[in-house]
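Below is one structure, written out as structure tokens, with a few remarks after it.
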Amino acid sequence: MNPGDYPTKHNLLQARQGLALAKQGHGLMDKKHRVLLAELRTAKINLNEACALTDRALEKSYHALGIAYMEMGRDAVERIRDSNHYSLAGTTASLDEAYFTWKEAKKALVIFADAQARVNRLTQNIHKLRKRAAALEKIIVPVYEDRIKYIQSQLDERGRDELVRLKVMRNSESGVREKET
């Protein structure tokens, strides 16, 4: 038997405090869950906006790259792409446009990846929170309730036994007094 299950008033008080704390924790988890869901909705809106921004930036970049391929040829564009630095000297305006639009597309992709990571983190946190709240609700709270019920019934039984014992003693004392008189 768990020492916390011994039917004492102290253990009953401890179990009641534990139950109150578990219920308070569950309430806090419920509030946190609502906040996380609101954050997730906002994050999904931001993700959709980032996705649209990325799509537009990539479309613009591919269009500019296609024009650069037509004007300079694929080999010239690939040579410039493979070099470690980019210089505006010796290039065409279409290649410059493609270069700068791809820089913007990279920034848009970073924003999109960040928004996607935020949605993923929030989703994972919500999943963990749901599991913890379920554990409190389905395991911890019932354990405390059962412990309180057991201890209370044992203490009540002890109280009834003590009352019966006192009545028997009182009756036996009164019987002895009647015999003496």
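It should be emphasised that the depicted structure is a prediction, and the values quoted were computed from it without experimental measurement.
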Is there a path of hydrophobic side-chain contacts, each under 4.5 Å between heavy atoms of I/L/V/M/F/W/Y residues, joining [Y] to [X]?
X	Y	result
Leu47	Leu37	yes
Trp102	Phe100	yes
Leu13	Val143	no
Leu122	Ile111	no
Ile139	Tyr144	yes

Checklist entry - Hey, mind stepping through Gln116 and Asn120 against side-chain hydrogen bond (donor to acceptor under 3.5 Å, both in side chains) and telling me if it holds? => result CA-CA 6 Å; Gln116 182 67 46; Asn120 289 343; 3.3 Å; yes
When rounded to the nearest 0.5 angstrom, what distance separates [atom1] in [X] from [atom2] in [Y]?
X	Y	atom1	atom2	result
Glu39	Lys44	CD	NZ	13.5 Å
Ile67	Thr101	CD1	OG1	9.5 Å
Leu19	Ile148	CG	CD1	4.5 Å
Leu109	Asp114	CG	CG	12.5 Å
Gln24	Leu28	CD	CG	5.5 Å
Leu65	Arg74	CG	CZ	8.0 Å

Item to check | Contacts of Tyr69 that satisfy ring-ring contact (aromatic ring centres under 6.0 Å, His included) - sequence neighbours left out | outcome: none
Checklist entry - Could you walk me through whether Lys149 and Glu145 pass the side-chain contact (heavy atoms from CB on, under 4.5 Å) check? => result CA-CA 6 Å; Lys149 195 182 305 179; Glu145 288 172 343; 5.9 Å; no
Next on the checklist: Would Gln152 and Arg16 count as a side-chain hydrogen bond (donor to acceptor under 3.5 Å, both in side chains) here? Give the steps.
Outcome noted: CA-CA 11 Å; Gln152 189 66 53; Arg16 285 182 177 159; 2.9 Å; yes
Could you tell me whether the side chain of [Y] reaches within less than 4.5 Å of the side chain of [X], counting heavy atoms only?
X	Y	value
Asp156	Arg160	yes
Val119	Leu40	yes
Glu162	Leu166	yes
Asn125	Leu129	no
Gln14	Gln17	yes

Item to check | Donor-acceptor contact below 3.5 Å, side chain Asn11 vs main chain Tyr6 | outcome: yes
Checklist entry - Are the side chain of Arg158 and the backbone of Pro7 linked by a donor-acceptor contact shorter than 3.5 Å? => result yes
Checklist entry - Can Arg118 and Arg121 be said to form a side-chain contact (heavy atoms from CB on, under 4.5 Å), step by step? => result CA-CA 5 Å; Arg118 180 169 168 72; Arg121 279 192 310 272; 3.9 Å; yes
Checklist entry - Hey, mind stepping through Leu36 and His33 against side-chain contact (heavy atoms from CB on, under 4.5 Å) and telling me if it holds? => result CA-CA 5 Å; Leu36 285 175; His33 184 256; 5.8 Å; no
Checklist outcome for this item: In short, Ala15 meets Arg147 closest at the heavy-atom pair CB-CD, 4.0 Å
Checklist entry - Passes salt bridge (charged side-chain N to carboxylate O under 4.0 Å, His left out), Arg165 versus Asp161? Steps please. => result CA-CA 6 Å; Arg165 191 179 65 77; Asp161 288 348; over 6 Å; no
Item to check | Stepwise side-chain contact (heavy atoms from CB on, under 4.5 Å) check, Lys23 with His26 | outcome: CA-CA 5 Å; Lys23 287 183 177 181; His26 188 269; 5.5 Å; no
Indicate every side-chain donor-acceptor pair of residues 52-60 with a distance under 3.5 Å to a residue at least two apart or in another chain.
unit_1, atom_1, unit_2, atom_2, d
Thr54, OG1, Ala50, O, 2.7
Thr54, OG1, Ala108, O, 3.1

Which donor-acceptor pairs under 3.5 Å do the side chains of residues 92-99 make with protein atoms, sequence neighbours left out?
unit_1, atom_1, unit_2, atom_2, d
Thr92, OG1, Ser94, OG, 3.0
Thr92, OG1, Leu95, N, 3.3
Ser94, OG, Glu71, OE1, 2.6
Asp96, OD1, Tyr86, OH, 2.3
Asp96, OD1, Thr91, OG1, 2.7

